[in-house]
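Chain identifiers are assigned alphabetically (A, B, ...) following the order of the sequence lines, protein sequences preceding nucleic acid strands; residue numbering begins at 1 within each chain. All values below were derived from every heavy atom in this structure, side-chain atoms included, with hydrogens, water molecules and symmetry-related copies excluded.
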Protein chains: 2
Amino acid sequence: MATQDSTTLILDAAEALFARQGFAATTIKAIGREAGLNSALLYYYFPDKERLYHAVLERRLGTANRELSQRLTAGLPPLEALEQLLQGYARLMHDAPNLPRLLAREFADHQAAHALPLIRELAAGLFQRICDVIRAGQAAGHIRKDLDPRFTAISLVSQMAWFFVAQPAVSRMLGYEGIVPPATVKAYIEHAARFSMAALTGLPAPPAKSTRKRVRT
Amino acid sequence: MATQDSTTLILDAAEALFARQGFAATTIKAIGREAGLNSALLYYYFPDKERLYHAVLERRLGTANRELSQRLTAGLPPLEALEQLLQGYARLMHDAPNLPRLLAREFADHQAAHALPLIRELAAGLFQRICDVIRAGQAAGHIRKDLDPRFTAISLVSQMAWFFVAQPAVSRMLGYEGIVPPATVKAYIEHAARFSMAALTGLPAPPAKSTRKRVRT
DNA sequence: GTCTATAGCGGGATAGAC
DNA sequence: GTCTATCCCGCTATAGAC
């Protein structure tokens, strides 16, 4: 609790509130209160609310992106690289619980003036690299070739992303009152890894059964 | 465009705006404009903004829940039931493009006064039923027994949920400018089904390789 | 760098005419 | 049922003292 520089204090407070309530519902005064500073001071450090928000996203996404991309460029064999990715994603979300919420809001905001471009750029870069790893795995014969690399990347990321974004609901479904306990998070991540590895390496689903029949009742 | 009753007009407009911008950023006046009605009229049909929002969610979630649960109680064999679920989820999101965004916001809003309880209840009921189907599949020997049913349910739903919630980003990643074209959506859904079926039925990932090594660089 | 005070605007909600 | 006019509050942002 030793005195921190005000910029950090403000960014921290803003991040917490933006994540919890979103941009519009968060007031400058509330941020000031949360940071223990006078709200007028925010305008000394940041030109306006919009750009404060942007600064929050940049700080959080910048570190996130750096961490994640490290895990993919480590030069591991494809399957291990993907498992590391899941682990890395989980650790990221766990270390920065605000991140999933911030992301969810940005995604939901259609073409918000906000920082979507930034996110898109980061995500796209990451996405490219995941696809490349998958393709490498297919070329090396470790991953089923009938999987579309881009779709597969989405399948992998989804399992992590949704789990953390939907925390409040997920928590309830798993039978907890408040937060999902760390041990359960860990167990889920291991599940997701096993689930995904089976899908990546497993045999195609038995084409028996008449699976394609009616879709409408 | 034939004249509709004002309630529907208002609900439609409100749903669109709430989904696009969220609760706080959406003004009563904007809803009136979007609906082509005087904004004061909203207070004739709804007591306040909060309860208008609630009405929007109830309308959308009510039908959604009904449709989805039908697909699970159809008494199909487990694996087919799960595939139907994925299909149903996709159709739902496709038919009501506002739904994923509304959901994402509700999940992100920590303990918003809004309608989380409603969502939690619906989701929990559905979740229970998915788990039951998975357990049935395991008992019948169609699904690997080393998978935790609850985690597996999350893995399945995630792949659909995130794809639709993150549409704007997903679209960019797949190389499209605006919306993901229907054909691609269909292809992804088929992918997700295949991916998931392989994971559900496939062999455990080859325990060869030394997969558990370093987690930190 | 941090605070007080306040301008100025826009939003939610109401009163009441038609 | 639908519209006009308006109240009142709270928010962003600024001016300026310390």
Side-chain angles (χ1 to χ4, degrees), chain A residues 1-59 102 105-106 108-110 112-115, chain B residues 1-59 101-102 105-106 108-110 112-116:
Chain A
M1 292 308 170
T3 309
Q4 298 201 0
D5 78 300
S6 300
T7 312
T8 314
L9 244 32
I10 293 171
L11 282 173
D12 288 346
E15 179 180 312
L17 291 180
F18 284 144
R20 247 185 268 152
Q21 318 170 337
F23 179 81
T26 300
T27 70
I28 293 286
K29 287 176 190 173
I31 296 174
R33 210 179 312 128
E34 176 94 5
L37 297 169
N38 189 293
S39 61
L41 190 58
L42 303 210
Y43 289 95
Y44 177 78
Y45 291 101
F46 301 93
D48 56 23
K49 190 183 169 189
E50 193 85 35
R51 269 176 286 185
L52 167 57
Y53 180 67
H54 199 271
V56 165
L57 283 182
E58 264 194 336
R59 186 180 65 151
L102 290 170
R105 284 181 202 287
E106 281 304 310
D109 277 358
H110 201 46
H114 303 323
Chain B
M1 291 303 172
T3 310
Q4 299 200 359
D5 78 300
S6 300
T7 312
T8 314
L9 243 33
I10 293 170
L11 282 173
D12 288 346
E15 180 180 311
L17 291 179
F18 284 144
R20 247 185 269 149
Q21 316 171 338
F23 180 80
T26 300
T27 70
I28 293 287
K29 287 173 191 174
I31 296 175
R33 209 179 311 129
E34 175 94 4
L37 297 169
N38 189 293
S39 61
L41 189 59
L42 303 211
Y43 290 95
Y44 178 77
Y45 291 101
F46 300 93
D48 57 23
K49 191 184 169 189
E50 193 86 35
R51 269 176 285 185
L52 167 57
Y53 180 67
H54 198 269
V56 165
L57 283 182
E58 265 195 337
R59 186 180 66 151
R101 275 188 261 272
L102 290 171
R105 284 181 201 286
E106 281 304 311
D109 277 358
H110 200 49
H114 303 324
L116 248 192

Does B/S6 have a side-chain nitrogen or oxygen under 4.0 Å from the phosphate oxygens OP1 or OP2 of D/dT2? yes

Separation of A/Y53 atom OH from D/dA13 atom P, in whole Å? 15 Å

Give B/T7 one of three labels, base, sugar-phosphate or nothing, depending on what nucleic acid heavy atoms sit under 4.0 Å from its own. nothing

Rounded to whole Å, the CD1-P distance (B/I28 to C/dG12) equals 5 Å

Polar side-chain atom of A/R33 near backbone of A/S39 as donor-acceptor pair, under 3.5 Å: no

Does a nitrogen or oxygen in the side chain of A/Y43 sit under 4.0 Å from OP1 or OP2 of D/dT14? no

Could you state the atom-to-atom distance from CG of A/L17 to C1' of D/dC11 in whole Å? 15 Å

Return the nearest nucleotide to the side chain of B/A40; candidates are D/dT12, C/dA15, C/dC3. C/dA15

Do A/R51 side-chain atoms and A/F46 backbone N/O form a donor-acceptor pair below 3.5 Å? no

What is the separation between atom CG on A/L52 and atom P on D/dC11, rounded to the nearest whole Å? 16 Å

Could you work out which one of C/dC3, D/dT12, D/dT4 sits closest to the side chain of B/N38? D/dT4

To the nearest Å, how far apart are A/R51 CZ and D/dA13 P? 10 Å

For B/L41, answer base if it contacts any base atom (sugar-phosphate contacts may also be present), sugar-phosphate if it contacts only those atoms, and nothing otherwise; contact means non-hydrogen atoms under 4.0 Å. base

Which heavy atom of B/Q21 sits nearest a heavy atom of B/A25, and at what distance? O-CB, 3.4 Å

Can you tell me the distance, in whole Å, between the CZ atom of A/R33 and the P atom of C/dC3? 14 Å

Report the distance from atom OH of A/Y44 to atom P of D/dA13, rounded to the nearest whole Å. 19 Å

Look at the rings of B/F18 and B/Y53 and say which category their plane angle falls in: under 30° parallel, 30 to 60° tilted, over 60° perpendicular. perpendicular

Gap between atoms NZ and C1', on B/K29 and C/dT14 respectively (whole Å): 12 Å

Would you say B/T27 places a side-chain N or O within less than 4.0 Å of OP1 or OP2 belonging to C/dG10? no

May I ask you to evaluate whether B/Y45 reaches the phosphate of D/dT2, defined as a side-chain N or O under 4.0 Å from OP1 or OP2? yes

To the nearest 0.5 Å, atom CD of A/E15 lies from atom CG of A/L52 at 10.5 Å

